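First up is the structure itself, then whatever we jot down about it.
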Amino acid sequence: MNYRSSWMTAELDIFRETFRRYLSSTLSPQAHKWRNDKMIDREAWLALGEIGALCPDMPEEYGGLGGTFAHVAAVIEDLEFELPEMALPVAVHNAIVAQYIMHFGSHAQKQRWLPGLATGQSIGAIAMTEPGGGSDLRSLRTRASRKGSAYLLNGSKTFITNGQVADIIIVAAQTAPDQGAKGISLLVLEADGSDGFRRGRNLDKIGMHASDTSELFFDDALVPAENLLGGEEGRGLYQMMELLPKERLAIAVSAVASIERMVEVTTDYVKDRKAFGKPVLEFQNTAFALAERKSEALIGRVFLDWCIERAIKGELDQVTASIAKYWTTDKQFETADKCLQLHGGYGYMDEFEIARRFVDARVQRIYGGTNEIMKVLIARSL
Ligand SMILES: Cc1cc2nc3c(=O)[nH]c(=O)nc-3n(C[C@H](O)[C@H](O)[C@H](O)COP(=O)(O)OP(=O)(O)OC[C@H]3O[C@@H](n4cnc5c(N)ncnc54)[C@H](O)[C@@H]3O)c2cc1C
């Protein structure tokens with residue numbers, strides 16, 4: 001069966017072939033070290049920038065390749081296949097941070113931040129979640145008070161991907177607390193020049209070990225007024241609502257790629273592994289379990305491709321993105337569990353890819369809006 005994603009192009013084929021080869025030969029061998037360090041080397045970001053995998057959909061005048069969301073999706077898929085350790089950090093950088101700056105930034109803001117994000121000299125992070133809650137974004141408590149030509153940020157964030165290394169952090173904060181959701185704004189904090197900004201611990205997680213996740217603290221942290229994204233206060237919630245579908249789609253892209261990869265590695269494993277004198281694939285339970293997973297992988301892929309097409313055209317809506325995020329990540333975790341089982345005891349060993357994919361899959365149902373929140377959004381459309 002030869003299925004080809006409708007959004008693929010001959011140009012992307014060439015890019016992806018080089019990219020995958022580079023990942024598997026040069027960067028993937030370093031992943032073990034990064035998992036131990038709980039951090040990805042900065043050189044790897046620069047290498048991705050060099051090869052054109054950072055901000056590939058940004059216009060050339062801002063350092064990108066002038067591509068579309070197809071390029072963003074292709075990079076996430078390839079990373080998920082060859083170097084899953086970088087799939088989340090790069091998705092945050094490409095599919096979230098760069099998107100906010102491109103969509104809502106002024107020309108000057110784009111000129112200031114996008115070229116560095118495209119080369120990997122600047123690493124991006126987005127800080128929405130607070131210790132007091134992540135799902136209820138309207139109640140966030142970090143405050144940004146205007147003082148002359150700057151804002152002073154006060155509060156804290158948690159679970160921030162790339163938080164240990166980020167140079168540019170988009171912070172969601174209240175600029176007019178009395179106006180509730182209408183008082184939320186997005187400020188771009190440049191980590192280097194901001195006194196009063198402090199990175200907290202690199203949090204210990206059960207999976208995603210190479211991706212750093214941090215607490216961030218703001219104690220009169222200085223953000224120049226011109227770093228207000230879009231230049232108008234109170235637009236933050238609207239800006240987040242507009243771009244969350246893309247963020248959620250990016251999570252679905254990695255979920256489906258991971259499902260496909262797990263089916264592939266598990267199929268190889270059960271063809272090779274023998275019990276009772278024959279490959280375990282010849283037990284009907286094993287074959288049926290994989291037949292089900294393979295079917296779901298293809299069904300997920302076709303739906304995902306339809307969503308990617310809509311994102312390329314700028315037509316991906318909130319509900320469709322929520323369906324994609326919730327369904328594919330639930331399936332990813334289910335697939336990880338079933339495929340791990342088919343590996344027997346080896347599946348529980350950290351050195352086996354399926355074991356790592358199992359723990360990494362779990363969080364996909366939580367971040368980017370939990371799958372329960374996805375169902376709340378879908379249910380509102382009933
Ligand atoms: C590894 C990792 C990386 C992350 N990266 C980032 C990042 O880069 N930037 C960032 O800002 N955040 C990030 N997050 C945070 C993530 O987005 C939040 O954890 C998530 O949105 C949930 O928020 P919470 O943890 O506060 O859970 P809560 O909001 O406290 O939710 C707890 C439980 O209640 C349920 N719940 C809440 N409200 C409802 C409701 N209305 N209906 C039904 N159920 C509900 C939730 O589904 C969940 O099961 C990351 C988290 C992790 C674990």
Side-chain angles (χ1 to χ4, degrees), residues 35 38-40 76 84-100 123-142 153 155-174 181 184 186-189 191 199-218 229 236-237 239-241 243-248 250-251 254-255 258 321-322 325-326 329-330 332-333 356-357 359-380 382:
R35 287 197 297 273
K38 292 186 10 184
M39 187 95 66
I40 292 160
I76 297 172
E85 287 75 7
M86 282 198 90
L88 170 66
V90 171
V92 166
H93 183 97
N94 279 354
I96 308 179
V97 177
Q99 304 295 327
Y100 275 94
I123 299 172
I126 179 117
M128 298 182 189
T129 306
E130 302 189 346
S135 300
D136 186 7
L137 281 176
R138 286 161 200 262
S139 308
L140 59 84
R141 294 164 76 158
T142 297
L153 268 179
S156 62
K157 299 285 178 181
T158 195
F159 306 146
I160 307 307
T161 300
N162 299 338
Q164 293 290 306
V165 289
D167 306 282
I168 287 174
I169 305 172
I170 300 178
V171 181
Q174 282 283 2
I184 297 174
L186 298 180
L187 295 161
V188 180
L189 180 139
R199 304 175 203 266
R201 287 180 300 146
N202 185 359
L203 301 167
D204 284 319
K205 306 187 292 296
I206 61 170
M208 294 276 188
H209 291 302
S211 163
D212 62 283
T213 310
S214 306
E215 300 169 308
L216 303 177
F217 299 102
F218 313 102
L229 199 58
L237 196 72
Q239 292 168 328
M240 289 189 268
M241 290 307 133
L243 285 189
L244 277 168
K246 244 185 196 174
E247 169 178 352
R248 289 171 181 155
I251 295 172
S254 74
S258 187
S322 303
K325 195 270 173 179
Y326 133 68
T329 57
D330 268 13
Q332 180 186 358
F333 187 66
R356 299 196 299 272
R357 287 195 177 271
V359 282
D360 289 356
R362 187 61 187 86
V363 73
Q364 291 259 92
R365 295 161 66 200
I366 297 171
Y367 55 38
T370 64
N371 283 7
E372 293 74 36
I373 294 294
M374 296 306 99
K375 289 179 204 172
V376 170
L377 295 172
I378 299 161
R380 275 191 204 143
L382 295 175

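In each ligand, atom 1 is the first atom listed, and ligand 1 is the first ligand listed. Computed from a prediction, not measured in an experiment: that's the story for all the values here.
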Side chain to side chain donor-acceptor pair (under 3.5 Å) involving Thr129 - partner list, sequence neighbours excluded: none
Minimal non-hydrogen separation, Leu216 against Gly163, with atom names: CD2-O, 3.8 Å
Minimal non-hydrogen separation, Leu187 against Ala173, with atom names: CD1-CB, 4.4 Å
Close residues, ligand 1: non-hydrogen atom nearer than 4.0 Å: Ile126, Ala127, Met128, Thr129, Gly133, Gly134, Ser135, Phe159, Ile160, Thr161, Lys205, Val363, Ile366, Tyr367, Gly368, Thr370, Glu372, Ile373, Val376
Among Asp204, Leu203, Thr213, side chain to side chain contact (heavy atoms under 4.5 Å, CB included) partner for Lys38: Asp204
Expected output: side-chain Glu85 to main-chain Met208 donor-acceptor under 3.5 Å: no
Check: Thr142/Glu130 side-chain N/O donor and acceptor closer than 3.5 Å: yes
